[in-house]
2 protein chains.
Amino acid sequence: MDKSKLKVKLKSFFPNLDEESLHAFMKHSSYVKSTKGTKLISEGKRHGYFYLILNGGVKSYYSKESREVCMWFAFENEAIGTMTTYEGLPSKETVELLEGSELIRFEIEKIKELSRTSLSVIHLLNDIVIEHTLCIEERLYQLQFMSSEERYNALFETTPEILQRVSLTDIASFLGISRETLSRIRA
Amino acid sequence: MDKSKLKVKLKSFFPNLDEESLHAFMKHSSYVKSTKGTKLISEGKRHGYFYLILNGGVKSYYSKESREVCMWFAFENEAIGTMTTYEGLPSKETVELLEGSELIRFEIEKIKELSRTSLSVIHLLNDIVIEHTLCIEERLYQLQFMSSEERYNALFETTPEILQRVSLTDIASFLGISRETLSRIRA
DNA sequence: GGATTCATTTGACATATGTCACAAAATCTA
DNA sequence: TAGATTTTGTGACATATGTCAAATGAATCC
């Protein structure tokens, strides 16, 4: 991906970033293209990156004893990473490509270094964290108050595109139910 | 609460805050003392504050059709507020005193204003948000992977003091189970 | 294009947990 | 301290959903 195209892309992703930080971001980013199933971040390992999705999609999941539970999905024009990675800890989640995808990868440590002296960078990071937090809070709310059928309908209404691009097994785990139950809800 | 005592307190809460911001914080804070049951933040309403707990404790809960589900508890030396309040939206949660408590209250808008120009303030806010986020992520993980009994034991091991200070009804809702089920787990 | 693998559906059954009703214990209050 | 109120515990029962097993359908690959 050439420099000027990258710059336009980053500007549209991060409209509030000042010119100087934008260049620093570019310096610490690289273009990544990879196939379905590739793990951007693996559970238990330390990673130093967060990503922007140019096209394609990813799922994030926790796993325990061969059971996987999806925590979120993300597609074009979304910024992704895990909280634990951001904190410099081994990741609790795995983040994996749902399809062949193109992404921009950023070195977290460099960006965090910038954030120590740049207001526009730390505000950008803060905004990403907050949006993510509001999402999980909503998910937690739905798990506590809505039946599995209501959760499925809510997903169907708010983000129907997910149903087209994610397997029902993954969606079931995301909704907190078994694949068989989801199948029955749909019938 | 006199000014010098407040300053010492704030310094210990926010060791990384520079002197100038510290004074700004003090200017936009006030001392609050209130009794059990008082609502610091009510669901559906806009509020302009976040708090530090000097002593006492609070619970946060979502409610729907007379059912309450606790989302978190906080006690001495914790900073509290709701994500939606921080974002200037009507709160989704209610935050209520579990006991007679003393707190310091901060005007969010003023603090956010400071955060636009002060690195140490925005980093402070970011740290609070991140800690909160890691907590809910852990809660979500437990809800998906652990049985109600395991969740109870985890709570008992990590924060046994909660069991002393919070009613079993509230704990049950926090664990995502009915009060009767919690009673049976304990027996 | 047939075979192999993977994803989804369906059926039968077990079970954890919710719900309702009431009893017991603890706490508050006058 | 007695009575009222709130909190916690027990029993009986219903049910949503998980689990296991097998069948069908869809995608992938030599």
Give the rounded distance in Å between these two atoms: CG of B/Leu163 and C1' of D/dT8. 14 Å

Atom CG of A/Leu143 and atom C1' of C/dG18: how far apart are they, to the nearest Å? 17 Å

Pick the closest DNA chain D nucleotide for A/Arg179 and for A/Ser147 by heavy atoms, then say which residue is nearer the 5' end. A/Ser147

Taking the minimum atom-to-atom distance to the side chain of A/Ser178, which one of C/dT19, D/dT8, D/dT19 wins? D/dT19

Spacing of B/Tyr152 atom OH relative to C/dT17 atom C1', expressed in whole Å: 17 Å

What's the closest nucleotide to the side chain of B/Leu168 if the choices are D/dT8, C/dT10, D/dT17? D/dT8

B/Ile185 CD1 to D/dG9 P, in whole Å, measures 12 Å

Is A/Thr169 near enough to C/dT8 that one of its side-chain N or O atoms lies under 4.0 angstrom from OP1 or OP2? yes

What is the separation between atom CG on B/Leu182 and atom P on C/dT19, rounded to the nearest whole Å? 15 Å

Residue among A/Phe50, A/Trp72, A/Tyr49 satisfying side chain to side chain contact (heavy atoms under 4.5 Å, CB included) with A/Ile80: A/Trp72

So, do A/Leu6 and A/Met26 sit near enough that their side-chain heavy atoms are less than 4.5 Å apart? yes

If you measure from the Lys or Arg side-chain nitrogens to the Asp or Glu carboxylate oxygens, is any gap between B/Glu19 and B/Lys7 under 4.0 Å? yes

Salt bridge B/Arg165-B/Glu76, side-chain N to carboxylate O under 4.0 Å: yes

Note: for B/Arg67 and B/Lys36 on DNA chain C, the residue whose nearest nucleotide lies more 5' is B/Arg67

Against the side chain of A/Arg184, the closest entry in C/dT10, D/dA12, C/dT17 is C/dT10

Touch check for A/Ile177, heavy atoms < 4.0 angstrom, all strands: base, sugar-phosphate only, or nothing? sugar-phosphate

CD of A/Gln164 versus P of C/dT8: gap in Å, rounded? 13 Å

In whole Å, what is the span from the CG atom of B/Leu175 to the P atom of C/dA16? 18 Å

With nearest nucleotides of DNA chain D determined for A/Glu180 and A/Ser148 from heavy-atom distances, which residue corresponds to the more 5′ nucleotide? A/Ser148

Can you tell me how far C1' of D/dT7 sits from CZ of B/Arg165, to the nearest Å? 19 Å

Choosing from C/dG11, D/dT10, C/dG18, which nucleotide comes nearest the side chain of B/Thr181? C/dG18

More than 12 heavy atoms of other residues, nucleotides or ligands under 6.0 Å from NZ of A/Lys39: yes or no? no

Hey, does B/Ser183 reach any base, or is it just sugar-phosphate, or nothing, if we go heavy atoms under 4.0 Å? base

